[in-house]
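Structure, as structure tokens:
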Amino acid sequence: MKPGPAPEPGGTRIWPRRTRAAAMVMLAAVPLVLLAWLFKTPGWGLAAGIALAAYLALTWQDLRRPTRRVVGAMLAIGWAAQLATGAGPEALIRTLSANAVVGVLIVACGLLAVPAASPRYVAELTRLVSGTRGRRPPLGRLALVFWTGHVLGALLNISALSVLLPALGGARARDGRLMRSLHRGFGLAGFWSPFYATVAIVLIAYPGAGWSGLLAATLPIIPAAFLLDMGAALRHGRTALARSVETAVPEDEAPSPSGPRRRGPSLWLAAGGLAALGIGLDMVMPGPTLVWVIVAALAAALIWMIWANGTAATWDRLIRPRLIGPPGMTLQANEIAVFAAAGPLAAGLAAILAPAAGNIAAIADAMPLWLAILAVEFVIFGLSHLGVHPVASILLVAGALPPEVVAGREAVFAGASLAGYTLTLLASPFSVTGQVFASLTGASPWNQTVTRNIGYALLLALLAAFWLDLGAMALIGAIG
């Protein structure tokens, strides 16, 4: 193993110059990417693409080996296909910025994790789940875990796990029952939340879906998915459920912040403020919804850090390499690299699959819509078991579907893609979410995902297919 960076006298670490340079490049790329998305001009797109290319070059050594293979393959396929159609170097670089806005979203969500990871919020959630002196009924505890994981996951993305997982540390079921409900509630946030990078990719891949259409197609599935989880918990009876869920940490034993009480808003006030800011900006400002979601996340993270820590401490944390260097930046770099490479891959797949559009359209027209939706879900879910990143699968499906098949049903196929992505989060041993939960429950990734969630995931896939076919189109039409 390579030796880590040497500690400074004050206890912090000195990261390599290229690591700090990569962080500065990413910070400079944020306004470039947002401007490119707001104005859709080739110049801004090229500038953002150059910044992303520099970022990839600087962070390449920090990427995990599987990520390097995936990103290298995505770039090779995408650029080779574009070169075969006569694209020039400028066009190749510009395609890097096609999905760069998703990388900026990842940076914004990473900043949200800084104030969210506080012992104060761990204690707050522990008391909520446990009830008064740990006496909340088991089914009520499961319901709270499901919806708390879903709401905070939808608003804070992966940042929410820094609070949720420690809060359940003393209330974990012996068979992982609480963690199973948390896993399902958190994973289902990927069905619709604008703070999930894959949701942003789907909206880019199906531009006609629109934000309101996507919500109409996906949100009604969430309550039904919750009822499925509660039904699964009760299938052995209430007595068995009470035995399987350990007593949570009593309120007087719940973890509390060490030292003096920290400043800052409550967790729910911070999450609600983030949601209100994002919705408000989107309603009053022109341009794509995703841009204002990112602006809201960046502003909320900054306000939250200043409120909790003060201006001087916030500035110190933002500029010190320990915040923007490994391991935090390395984890972000892996995701940003995949989403940056998704731009060239999407353009290349569109060029490769264009000659077969007629045959694909004939096959799609010959099958019922619900069956086509199931096919989309299981292509994405099935490829995930081969180690294919969901972004590549989603772009493959979107590129394979001819415009005449998707026309008028963009939100339906966007919902089908997100259903396949959600199945991956719940029941694929290769998903990062599944691996995180497996490490915390002590189960293997296969046991945590496939063994515990495959039945639930298959029922959810059928439910989503029939809803998107029979109900979503009518609801979207009524809204439109």
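The residues of the chain are indexed from 1 along the displayed sequence.
- The shortest non-hydrogen separation linking Ala189 to Ala154 is CB-N, 3.6 Å.
- Considering only heavy atoms from C-beta on, Leu75 comes within 4.5 Å of Pro344 through its side chain.
- A donor-acceptor pair under 3.5 Å links the side-chain atoms of Thr218 to the main chain of Leu214, judged by distance alone.
- Atom CG of Leu178 is separated from atom CG of Leu144 by 10.5 Å, given to the nearest 0.5 angstrom.
- Pro194 is not listed as a side-chain neighbour of Val199, based on a closest heavy-atom distance of 4.5 Å or more.
- For Trp147, the CH2 atom sits in a packed shell: over 12 heavy atoms of surrounding residues, nucleotides or ligands are nearer than 6.0 Å.
- Within the 4.5 Å cutoff, the side chain of Trp192 has heavy atoms near those of the Ile222 side chain.
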Quick one: do Leu277 and Val295 satisfy side chain to side chain contact (heavy atoms under 4.5 Å, CB included)? Show the steps, please.
CA-CA 9 Å; Leu277 182 59; Val295 171; over 6 Å; no
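- Note that the CG atom of Leu383 and the CG atom of Leu396 stand 7.0 Å from one another [nearest 0.5 Å].
- Taking 4.5 Å as the limit, every side-chain heavy atom of Leu32 sits out of range of all side-chain heavy atoms of Ile50.
- Side-chain contact between Leu302 and Leu298: absent, with no pair of heavy atoms (C-beta onward) separated by less than 4.5 Å.
- Listed here is the closest heavy atom pair of Gly420 and Ile380: C-CG2, 3.8 Å.
- Separating the CD1 atom in Ile303 from the CE atom in Met305 is a distance of 10.5 Å, to the nearest 0.5 Å.
- The shortest heavy-atom contact between Ala464 and Glu377 is CB-OE2, 3.6 Å.
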Evaluate the criterion side chain to side chain contact (heavy atoms under 4.5 Å, CB included) for residue pair Tyr206 and Val406; output intermediate values, then yes/no.
CA-CA 9 Å; Tyr206 299 95; Val406 178; 3.9 Å; yes
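- Side-chain contact check for Asn453 and Arg180: no donor-acceptor pair (N or O, by modelled atom type) lies under 3.5 Å.
- Using a 4.5 Å heavy-atom cutoff, the side chains of Ser393 and Val379 are not in contact.
- Side-chain atoms of His183 come within 3.5 Å of backbone atoms of Leu425 as a donor-acceptor pair (strictly under, hydrogens ignored).
- The shortest heavy-atom contact between Tyr196 and Gly153 is CE1-O, 3.3 Å.
- Residues Ile394 and Val202 have side chains in contact (heavy-atom distance under 4.5 Å, counting atoms from C-beta outward).
- Remark: side-chain polar atoms of Gln82 are not paired, donor with acceptor, to backbone N or O of Ala80 under 3.5 angstrom.
- Judged by a 6.0 Å distance limit and a 45° cone about the ring axis, Arg184 is positioned over the six-membered ring of Tyr456.
- Closest approach of Gly434 and Thr449 over heavy atoms only: CA-CG2, 3.6 Å.
- Phe195 is listed as a side-chain neighbour of Leu274, based on a closest heavy-atom distance under 4.5 Å.
- Smallest separation of non-hydrogen atoms from Ala225 and Leu188: CB-CD1, 3.5 Å.
- Separation of atoms CG (Leu215) and CZ (Phe191) is listed at 12.0 Å; rounding is to 0.5 Å.
- Phe413 CZ to Leu401 CG: the interatomic distance, rounded to the nearest 0.5 Å, is 5.5 Å.
- A distance of 15.0 Å separates CZ in Phe186 from OG in Ser181, rounded to the nearest 0.5 Å.
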